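Down below is the structure, laid out as structure tokens.
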Amino acid sequence: MSSAHTTPSAPRSLAEALRARDDASLAALLRSRPDLITPVPTDLTQLATRAGTRASVLRALERLDRFALQTAEALAVAPDPASYGTLLGLMAGDAGAAGVAAALPRAVATLREQALVWGDDERLRLVRTARELLAPTPQHPSPTGLGPTVQEATSGMSPGRIQEIVTTAGLTTTHDSVSAVAALTALFTHRGKMAALLADAPEAALEVLSRLVWGPPYGQVTPEPAAHLRWLLDRGLLLPTAPGTVVLPREVALHLREGRAHREPEPLPPAVEPAAVHGPQVVDATAAGQAYTALATVEELLKDWDEGGPAVLRAGGLSVRDLKRTAVALDVSEPVAAFWVELAYAAGLLASDGEADERFAATPGYDEWLEQPAAERWARLAEVWLTATRTPGLVGGRDAKDRTLSALGPGLDRSAASEVRHRVLTLLAGLPHGAAPGTESVLARLRWERPLRGPRTDDDLRSRLARWTLEEAELLGVTGRGALSAHGRALLGMPAAPAAAAPAESSGPSDKLPVHHHHVPPAAEPLPGPERAAAAAAAARLLAPLLPEPLDHVLLQADLTAVAPGPLRRPLADVLGVLADVESKGGATVYRFTPASVRRALDAGRTAADVHAFLAAHSRTPVPQPLAYLVDDVARRHGHLRVGAASAYVRCDDDALLNEILADRRAAALGLRRLAPTVLATRSDPAALLEGLRAMGYAPAAESAEGDVLIARAHSHRTPPRTAPEPVPDGPPAPDATLLGAAIRAIRAGDLAATAPRKPSGDRPAGGELPRTSSAETLATMQAAVLTGESVWIGYVNAEGSASQRVIAPIRVEGGFVTAYDHTADEVRTYPLHRVTGVAELAED
């Protein structure tokens with residue numbers, strides 16, 4: 001079967017192959033390998049050179065799927081050049097596997113598009129650098145498990161020994177080593193003759209061959225090998241490579257493998273199988289509930305850090321102790337706490353304040369975020385998560401220098417993170433709505449798509465990123481019960497999923513469930529900025545109706561608790577958070593009123609009347625009498641004692657109360673002494689004195705130097721304006737259509753100038769060198785071209801000293817300048833004659 005790609009005349013180099021491409025094909029190459037236009041090459045020869053550099057080829061190989069890579073590996077062990085038929089034989093074997101034969105044209109087309117393979121179907125060539133990277137060597141075995149050819153393995157062998165092998169193998173002696181090696185190669189590649197040769201082999205010799213056939217092809221022998229090994233060595237079925245080491249020649253291995261280069265060709269990607277099926281409404285509702293919990297968690301985190309969060313480590317980041325405290329405060333595990341902290345940081349909601357005593361705190365952007373509707377706030381978090389390269393799953397691990405990686409610290413960026421997240425969600429989108437995939441099937445698919453980036457282990461980075469993606473998507477509410485939600489699908493820029501013909505709930509895969517085995521819907525690539533914002537807005541619109549409506553009331557109970565049966569409106573939640581302590585969370589939040597919490601509200605400037613009015617306005621049940629008594633009792637004692645600075649003092653109109661304080665043993669640590677009947681002084685500072693008296697059960701109030709009560713209003717510490725951290729790109733960004741068009745025009749124009757045929761001249765430089773002519777000759781040639789209307793080839797050096805070749809059609813020559821139509825730039829330009837290094841006429845054809 002042909003790959004259906006031929007050219008009128010076989011190209012002699014990669015540059016010629018690129019020159020034969022149309023603009024659409026060149027654009028596809030530059031889009032898939034953006035490093036090739038950074039910067040834009042001057043012509044197609046330079047583009048071909050850059051496409052063959054080791055770094056660029058390795059990057060291109062890393063982006064191949066498993067079958068395309070297997071095809072490249074087969075070409076690396078095939079003759080150079082190889083025909084399509086030879087390649088098909090290596091991939092499909094003697095039996096001709098139908099699946100491999102059907103998929104091979106696509107793989108070859110992919111390699112051609114990536115400029116890793118060039119030539120027509122009769123002369124396929126793998127670029128030299130790719131062959132060097134993939135061909136087997138003793139230091140770097142080939143993934144095919146094949147060893148060197150007979151010619152390579154016998155390169156250092158004596159002519160006499162080669163003739164002995166030829167004779168023992170039953171061949172006619174030749175006059176030179178080259179023909180002898182050729183005869184031996186012909187024997188090993190002939191299926192019938194090789195079968196006859198191996199039919200006489202000892203059983204033990206065949207067992208040795210079976211152990212080496214799929215690699216590694218090297219083995220050890222003693223100076224006096226056993227009889228069955230000697231039988232193999234004498235016939236060249238094993239060849240020595242070093243003292244005590246032998247190798248199985250490639251041709252012998254291919255015969256034993258029935259012509260296959262790979263043990264298991266994988267022409268088709270493994271299917272992403274559903275492990276469970278749920279009703280779409282259940283998935284969306286579950287995801288929406290988790291989305292609301294995500295918003296509440298981020299708010300709780302930043303409210304806890306409202307007046308200044310944990311200190312920043314000297315090396316940057318959050319200490320292990322502070323991460324543990326955050327996890328306890330959020331009632332989650334430490335890895336989950338690291339995820340929420342990193343998500344808030346990536347969204348620009350928290351940052352370091354940059355002060356001398358550096359601490360983490362909320363940013364001004366957090367206040368703006370709080371004012372947005374809940375669905376829009378979630379969409380911003382989800383969009384940031386999808387594109388961020390910071391990887392919370394690495395927290396607690398070690399970097400290359402064996403230092404611990406801390407949350408919010410350096411070293412957490414992994415450029416592959418955003419690509420893996422997007423790809424995992426795209427695979428989930430390939431399943432019907434409500435189907436949750438098995439983790440292992442997702443990992444197997446990712447390993448097939450990027451085999452060089454994700455080896456066959458569960459510990460490689462891409463596999464770990466995929467596992468973390470599935471966990472984080474569930475935490476964030478992008479998925480529900482493991483299945484992609486409708487708003488999660490919209491986040492990827494995909495249309496709504498068609499209804500699945502599947503049962504509402506199932507614990508395992510369904511035979512009736514349509515599964516996308518090999519291909520996934522569009523949006524396989526991350527969306528550009530404007531489209532990504534539109535997708536996030538669409539996700540917010542789908543999520544908004546699913547989020548619970550905030551309530552404006554609570555249920556007060558006689559045991560000094562208040563029950564919020566759902567999420568509360570922000571003003572109500574803020575005030576209640578000051579007036580009471582959260583006792584439990586869940587579907588309903590339980591708040592408990594205590595003397596300390598009521599005093600906290602009074603310290604914040606509220607009066608007892610304010611508290612009573614607030615409770616009455618927002619309770620669906622009557623205010624219980626014990627709660628009313630608690631508020632009045634705390635208010636009656638609040639501010640009766642006054643604390644100021646002496647270092648600190650206590651004053652009170654009731655001298656009996658001061659006597660009671662002095663007589664209390666618990667006050668000994670405060671060092672109080674009486675200055676007057678109504679005043680006590682201490683060495684402690686006012687804050688310590690306030691805390692000590694409150695610990696003794698009193699309710700003192702701070703006062704100013706003028707004697708006014710100080711209202712301890714809640715204040716928020718904010719960082720200066722901060723921008724969110726930028727994702728670390730995985731190589732150069734993909735060029736847009738405008739850049740691609742301009743780059744192709746520039747490359748084509750430069751190539752026209754570099755390859756334009758010139759009239760031969762004995763004193764003119766050849767090849768790609770700039771023409772050199774005297775000023776007088778340059779001027780005369782230009783003036784003649786104006787008269788004849790012909791185009792000429794010039795060398796030009798611009799003001800920055802960059803030299804280039806151009807094909808121009810002179811229009812006017814005057815004042816030391818030539819005005820001409822520049823075929824290279826496709827526009828009329830004016831050039832100073834003193835910057836033209838020389839001029840040459842183009843050949844008439």
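These numbers were taken from a predicted model, which means no experiment stands behind them.
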For this session: Quick one: closest heavy-atom pair of Ala347 and Leu381, and the distance?
Result: CB-CD2, 3.9 Å
Exercise. Could you state the interatomic distance from CG (Leu58) to CG (Leu61), rounded to the nearest 0.5 Å?
Worked result: 6.5 Å
Exercise. Rounded to the nearest 0.5 Å, how far does CG of Leu779 lie from CD of Glu777?
Worked result: 11.0 Å
Exercise. Do the side chains of Leu87 and Leu104 get nearer than 4.5 Å, heavy atoms only?
Worked result: yes
Exercise. Mind checking what makes side chain to side chain contact (heavy atoms under 4.5 Å, CB included) contact with Arg128, not counting sequence neighbours?
Worked result: Glu132
Problem set entry | Closest heavy-atom pair and its distance - Arg450, Arg63 | NH1-O, 3.2 Å
Exercise. Atom CD1 in Ile37, atom CG in Leu739: separation rounded to 0.5 Å?
Worked result: 4.5 Å
Problem set entry | With Thr389 via side chain to side chain contact (heavy atoms under 4.5 Å, CB included) - residues at least two apart | Asp413, Ser418, Pro727, Val728
Exercise. For Asp23, what residues pass the salt bridge (Lys or Arg N to Asp or Glu O under 4.0 Å) criterion, not counting sequence neighbours?
Worked result: Arg748
Exercise. Considering only heavy atoms from C-beta outward, does the side chain of Ile744 approach that of Ile747 to under 4.5 Å?
Worked result: no
For this session: Taking atom types as modelled, find out whether Thr86 and Ser83 have a side-chain donor-acceptor pair closer than 3.5 angstrom.
Result: yes
Exercise. Is there a side-chain contact between Thr110 and Glu113, using heavy atoms and a 4.5 Å cut-off?
Worked result: no
Exercise. Glu419 and Arg462: salt bridge (charged side-chain N to carboxylate O under 4.0 Å, His left out), yes or no, with the steps?
Worked result: CA-CA 10 Å; Glu419 184 260 331; Arg462 283 178 66 84; 2.7 Å; yes
Seminar exercise, completed: Nearest heavy-atom contact between Leu36 and Ala51 is CD2-CA, 3.6 Å
For this session: Would you mind reporting whether Glu449 and Leu427 have side-chain heavy atoms less than 4.5 Å apart?
Result: yes
For this session: Please indicate whether Arg12 has more than 12 foreign heavy atoms, meaning atoms of other residues, nucleotides or ligands, lying under 6.0 Å from its CZ.
Result: no
Exercise. So does Arg106 pair up with Asp65, basic N to acidic O under 4.0 Å?
Worked result: yes
Problem set entry | Set of side-chain hydrogen bond (donor to acceptor under 3.5 Å, both in side chains) partners for Arg19, sequence neighbours left out | Thr45, Asp751
Exercise. Could you state the interatomic distance from CD (Glu355) to OG1 (Thr719), rounded to the nearest 0.5 Å?
Worked result: 9.5 Å
Exercise. Between Tyr831 and Tyr796, is the ring centre distance below 6.0 Å?
Worked result: yes
For this session: Grab the two heavy atoms, one from Leu349 and one from Tyr366, that are nearest each other, plus how far apart they are.
Result: O-CB, 3.6 Å
Problem set entry | Set of residues satisfying side chain to side chain contact (heavy atoms under 4.5 Å, CB included) with respect to Asp402, sequence neighbours excluded | Arg398
Exercise. Is the side chain of Arg403 donor-acceptor paired with the backbone N or O of Ala400 at a distance under 3.5 Å, no angle test?
Worked result: no
Problem set entry | Close side-chain approach of Leu452 and Leu69, heavy atoms under 4.5 Å | yes
Exercise. Under the salt bridge (Lys or Arg N to Asp or Glu O under 4.0 Å) test, which residues partner Arg54, sequence neighbours left out?
Worked result: none
Problem set entry | All salt bridge (Lys or Arg N to Asp or Glu O under 4.0 Å) counterparts of Glu152, not counting sequence neighbours | Arg250
Exercise. Is any NZ, NE, NH1 or NH2 atom of the basic residue among Arg131 and Glu73 found under 4.0 Å from an Asp or Glu carboxylate oxygen of the other?
Worked result: no
Exercise. Does any N or O in the side chain of Arg722 come within less than 3.5 Å of the main-chain N or O of Gly365, such that one atom is a donor and the other an acceptor?
Worked result: no
Exercise. How would you list, by chain and number, every residue that makes a ring pair (Phe, Tyr, Trp, His ring centres under 6.0 Å) with Tyr821, sequence neighbours excluded?
Worked result: His823
Exercise. Judged by atom type as modelled, is there a donor-acceptor pair below 3.5 Å linking the side chain of Thr144 to the main-chain atoms of Leu146?
Worked result: yes
Exercise. Does Arg532 CZ have over 12 foreign heavy atoms under 6.0 Å away?
Worked result: yes
Seminar exercise, completed: Heavy-atom closest pair (Leu491 atom, Ala382 atom, distance to 0.1 Å) is CD2-CB, 3.7 Å
For this session: Determine the minimum heavy-atom distance between Ala74 and Ala261, stating which atoms define it.
Result: CB-CB, 4.2 Å
Problem set entry | Contact check, side chains of Val818 and Arg812, non-hydrogen atoms, under 4.5 Å | no
For this session: Test side-chain contact (heavy atoms from CB on, under 4.5 Å) on Leu465 and Val424 and set out the steps.
Result: CA-CA 9 Å; Leu465 286 171; Val424 168; over 6 Å; no
Exercise. Can you name the salt bridge (Lys or Arg N to Asp or Glu O under 4.0 Å) partners of Arg380, sequence neighbours left out?
Worked result: none
Exercise. Any donor-acceptor pair under 3.5 Å linking the side chain of Ser56 with the backbone of Gly52?
Worked result: no
For this session: For residues Arg447 and Arg66, determine if any side-chain heavy atom of one lies less than 4.5 Å from a side-chain heavy atom of the other.
Result: yes
Exercise. Is there a salt bridge (charged side-chain N to carboxylate O under 4.0 Å, His left out) between Arg112 and Asp121 once you walk through the steps?
Worked result: CA-CA 11 Å; Arg112 273 202 179 104; Asp121 283 354; 3.0 Å; yes
Exercise. Between atom OH of Tyr345 and atom CG of Leu408, what is the distance when rounded to the nearest 0.5 Å?
Worked result: 7.0 Å
Seminar exercise, completed: Ser155 meets the side chain to side chain contact (heavy atoms under 4.5 Å, CB included) criterion, sequence neighbours left out, with none
For this session: Look up atom CG in Leu126 and atom CG in Leu111, then write down how far apart they are to the nearest 0.5 Å.
Result: 7.5 Å
Exercise. Do Val786 and Gln783 come close enough that some side-chain heavy atom pair is under 4.5 Å?
Worked result: no
Seminar exercise, completed: Taken in chain and number order and not counting sequence neighbours, the residues that satisfy side-chain hydrogen bond (donor to acceptor under 3.5 Å, both in side chains) with Ser32 are Gln114
For this session: Quick one: list whatever passes side-chain hydrogen bond (donor to acceptor under 3.5 Å, both in side chains) with Arg829, sequence neighbours left out.
Result: Glu827
